[in-house]
Visitor: 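There's a structure below that I have some questions on.
By convention in this document, chain letters (A, B, ...) are assigned in the order of the sequence lines, proteins followed by strands, and residues within each chain are numbered from 1.
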Number of protein chains: 2
Amino acid sequence: MARKYIDNPNACSLVHTMNIIGNKWKPIILYLLSNGSMRFGMLNALIPTISKKVLTNQLKELENDGLLLRQSFAEIPPRVEYSLTEKAVGLLPVLRMLSDWANEAYPKMEFEQCRIIENVKKPAYNNVSYEKP
Amino acid sequence: MARKYIDNPNACSLVHTMNIIGNKWKPIILYLLSNGSMRFGMLNALIPTISKKVLTNQLKELENDGLLLRQSFAEIPPRVEYSLTEKAVGLLPVLRMLSDWANEAYPKMEFEQCRIIENVKKPAYNNVSYEKP
DNA sequence: AATAGTGGTAACCAAAAAGTAACTAATGGC
DNA sequence: GCCATTAGTTACTTTTTGGTTACCACTATT
């Protein structure tokens, strides 16, 4: 029987991808931005369980990895818009597949649709229905 | 302008998938097992930078999530074989896409191929060429 | 009689990640 | 003059994760 081993497992592209998006928040951020650019405060409101510090940090990392574009407007109060780069857009179908896989593999879990709800009258960040688990 | 918000972001299937495989070691483990079943010691040797405790833990979690089958043989010294379940096999093409994406998005990084090398004469776990970064 | 081999576990410690609360700058509205 | 607003930052604490070492059971080999 042939023995097998993998050469330098930590330098492969799958590991790299996981280092970039394989955590709790980043897929959500990418998903939210797939519908267009969004401000910091809106992202913060749409992911109520994230803290500002961590969100800032995740956004910075995504920007450094070339997945996010950050546009800061010289206004008072400040406005900063985040949007996906081409790289990130190329990742969207794969994220979709990951999502589809879970729906198939764990049919009993009946996941929420992660749906985007339009036309909220009040600013979303004052009006979020989600509650901490 | 329509405001948007996402309802209960933490319960969606993408987040679930990331909870299951979105970390440092699990994609590597799944990748290694994609060629067939493997013993604990072999996995430990093929991922030299992982500690036994963490590997044990990751394998348990993957088993609990239905991605791995654990077969323990009543021999001395003990033998335990890990293999992919159907669920996990369904995930392999998606892992492949994640890997392909990184190769395209970061062409300058020239990742290692994560190649499996056959016909090593000595047991791989005494003969691993990989060195800690 | 001692040692090697396997697949772990337990106790303990270090490092990384995440959460909390308070604070900032600059302006508009009351 | 005071408060609200936005996108953070800073200092500090807590939680989570990962790593280290020693140990076990059981047998075959030396």
Side-chain angles (χ1 to χ4, degrees), chain A residues 3 9-10 15 18-26 28-29 32-33 37-64 68-83 122-128 131-133, chain B residues 3 9-10 15 18-26 28-29 32-33 37-64 68-83 122-127 132-133:
Chain A
R3 308 288 175 83
N10 289 353
V15 173
M18 281 302 163
N19 285 336
I20 289 178
I21 60 147
N23 78 355
K24 198 173 172 184
W25 304 117
K26 287 179 183 173
I28 304 181
I29 294 170
L32 287 172
L33 292 174
S37 72
M38 218 176 254
R39 298 177 63 171
F40 179 89
M42 180 65 90
L43 282 166
N44 198 196
L46 298 187
I47 315 174
T49 51
I50 204 173
S51 68
K52 264 207 285 194
K53 195 194 76 172
V54 173
L55 178 56
T56 305
N57 195 40
Q58 304 289 298
L59 290 171
K60 264 186 200 153
E61 288 182 8
L62 286 170
E63 193 194 355
N64 287 341
L68 250 50
L69 187 72
R70 179 183 181 277
Q71 294 179 84
S72 176
F73 298 85
E75 301 174 2
I76 297 294
R79 178 161 65 102
V80 177
E81 299 254 357
Y82 290 93
S83 55
K122 285 205 156 195
Y125 29 95
N126 292 329
N127 191 30
V128 174
E131 306 214 336
K132 295 203 183 201
Chain B
R3 308 287 176 85
N10 288 354
V15 173
M18 283 301 164
N19 285 337
I20 287 178
I21 59 148
N23 77 353
K24 198 173 171 183
W25 305 117
K26 288 178 183 173
I28 304 182
I29 294 171
L32 287 172
L33 292 173
S37 72
M38 218 177 255
R39 297 177 62 171
F40 179 89
M42 181 66 88
L43 283 166
N44 199 192
L46 299 186
I47 315 174
T49 49
I50 202 173
S51 68
K52 262 207 289 193
K53 195 193 78 174
V54 174
L55 178 56
T56 304
N57 195 39
Q58 303 289 297
L59 290 171
K60 262 186 201 153
E61 288 181 9
L62 286 170
E63 194 193 354
N64 287 341
L68 252 48
L69 188 71
R70 180 183 180 277
Q71 294 178 84
S72 175
F73 297 87
E75 300 175 4
I76 298 292
R79 179 161 63 103
V80 178
E81 300 254 357
Y82 290 92
S83 55
K122 285 205 156 195
Y125 31 95
N126 292 330
N127 193 29
K132 294 200 184 200

Visitor: By nearest heavy atom, map A:Ser51 and B:Arg70 onto DNA chain C; which one lands nearer the 5' end?
Guide: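 Result: B:Arg70.
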
Visitor: Going through the distances and angles, do A:Met38 and A:Leu46 end up as a side-chain contact (heavy atoms from CB on, under 4.5 Å)?
Guide: CA-CA 10 Å; A:Met38 218 176 254; A:Leu46 298 187; 3.6 Å; yes

Visitor: Output the single nucleotide from C:dA18, D:dG8, D:dG19 whose closest atom is nearest the side chain of A:Val80.
Guide: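 Nearest nucleotide to the side chain: D:dG8.
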
Visitor: In whole angstroms, how far is the C1' atom of D:dT17 from the CH2 atom of B:Trp25?
Guide: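 In whole Å, D:dT17 C1' and B:Trp25 CH2 are 12 Å from each other.
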
Visitor: With heavy atoms under 4.0 Å as the rule, sort A:Gln58 into base, sugar-phosphate or nothing.
Guide: sugar-phosphate

Visitor: For D:dC23 and B:Lys53 - does any side-chain N or O of the residue sit under 4.0 Å from the phosphate oxygens OP1/OP2?
Guide: no

Visitor: Tell me: CG of B:Asn57 to P of C:dT9, nearest whole Å?
Guide: 9 Å

Visitor: Rounded to whole Å, how long is the line connecting atom CG of A:Leu55 with atom P of C:dT20?
Guide: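 Computing the A:Leu55:CG to C:dT20:P distance gives 14 Å.
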
Visitor: Output the distance between atom CG (B:Leu55) and atom CG (B:Asn44), rounded to the nearest 0.5 Å.
Guide: 5.5 Å

Visitor: Could you tell me if the side chain of A:Leu32 sits less than 4.5 Å from the side chain of A:Ile47, heavy atoms only?
Guide: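 A side-chain contact exists here, since the closest heavy-atom pair is under 4.5 Å.
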
Visitor: Hey, could you give me the CE/NZ distance between A:Met18 and A:Lys26, rounded to the nearest 0.5 Å?
Guide: 12.5 Å

Visitor: So what does A:Phe73 hit on the nucleic acid, given a heavy-atom distance under 4.0 Å: a base, only sugar-phosphate, or nothing?
Guide: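 Nothing, no nucleic acid heavy atom in range.
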
Visitor: Between B:Glu63 (CD) and C:dG8 (C1'), how many Å, whole number?
Guide: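 Taking atom C1' of C:dG8 as the reference, CD of B:Glu63 is at 13 Å.
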
Visitor: Quick one, A:Asn57 with A:Lys53, criterion side-chain contact (heavy atoms from CB on, under 4.5 Å). Give me CA distance, side-chain angles, the key distance, then yes/no.
Guide: CA-CA 6 Å; A:Asn57 195 40; A:Lys53 195 194 76 172; 5.9 Å; no

Visitor: Find the distance B:Met38:CE to C:dT6:P and express it as a whole number of Å.
Guide: 15 Å

Visitor: Reading nucleotides 24-30 of chain D 5' to 3', which nucleotides get B (base under 4.0 Å from a protein heavy atom), which S (sugar-phosphate only), which -?
Guide: --BS---

Visitor: Answer yes or no: is there a side-chain heavy-atom contact under 4.5 Å between A:Thr49 and A:Trp25?
Guide: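 Counting from C-beta outward, A:Thr49 and A:Trp25 do come under 4.5 Å.
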
Visitor: Find the distance B:Met18:CE to C:dA17:P and express it as a whole number of Å.
Guide: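 Result: 17 Å.
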
Visitor: Between atom CG in B:Leu43 and atom P in C:dG8, what is the gap in whole Å?
Guide: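 The answer, rounded to whole Å, is 10 Å.
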
Visitor: If only side-chain N and O atoms of B:Arg79 are considered, is one of them under 4.0 Å from the OP1 or OP2 phosphate oxygen of C:dG7?
Guide: no

Visitor: B:Glu81 has an atom CD; how far is it from atom P of C:dG7, in whole Å?
Guide: 9 Å

Visitor: Has B:Lys60 got a side-chain N or O lying under 4.0 Å from the OP1 or OP2 atom of C:dT9?
Guide: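 Yes, B:Lys60 has a side-chain N/O under 4.0 Å of OP1/OP2 on C:dT9.
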
Visitor: Using side-chain heavy atoms (C-beta onward) and a distance below 4.5 Å, is B:Glu63 in contact with B:Leu59?
Guide: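 B:Glu63 does not reach B:Leu59 side chain to side chain.
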
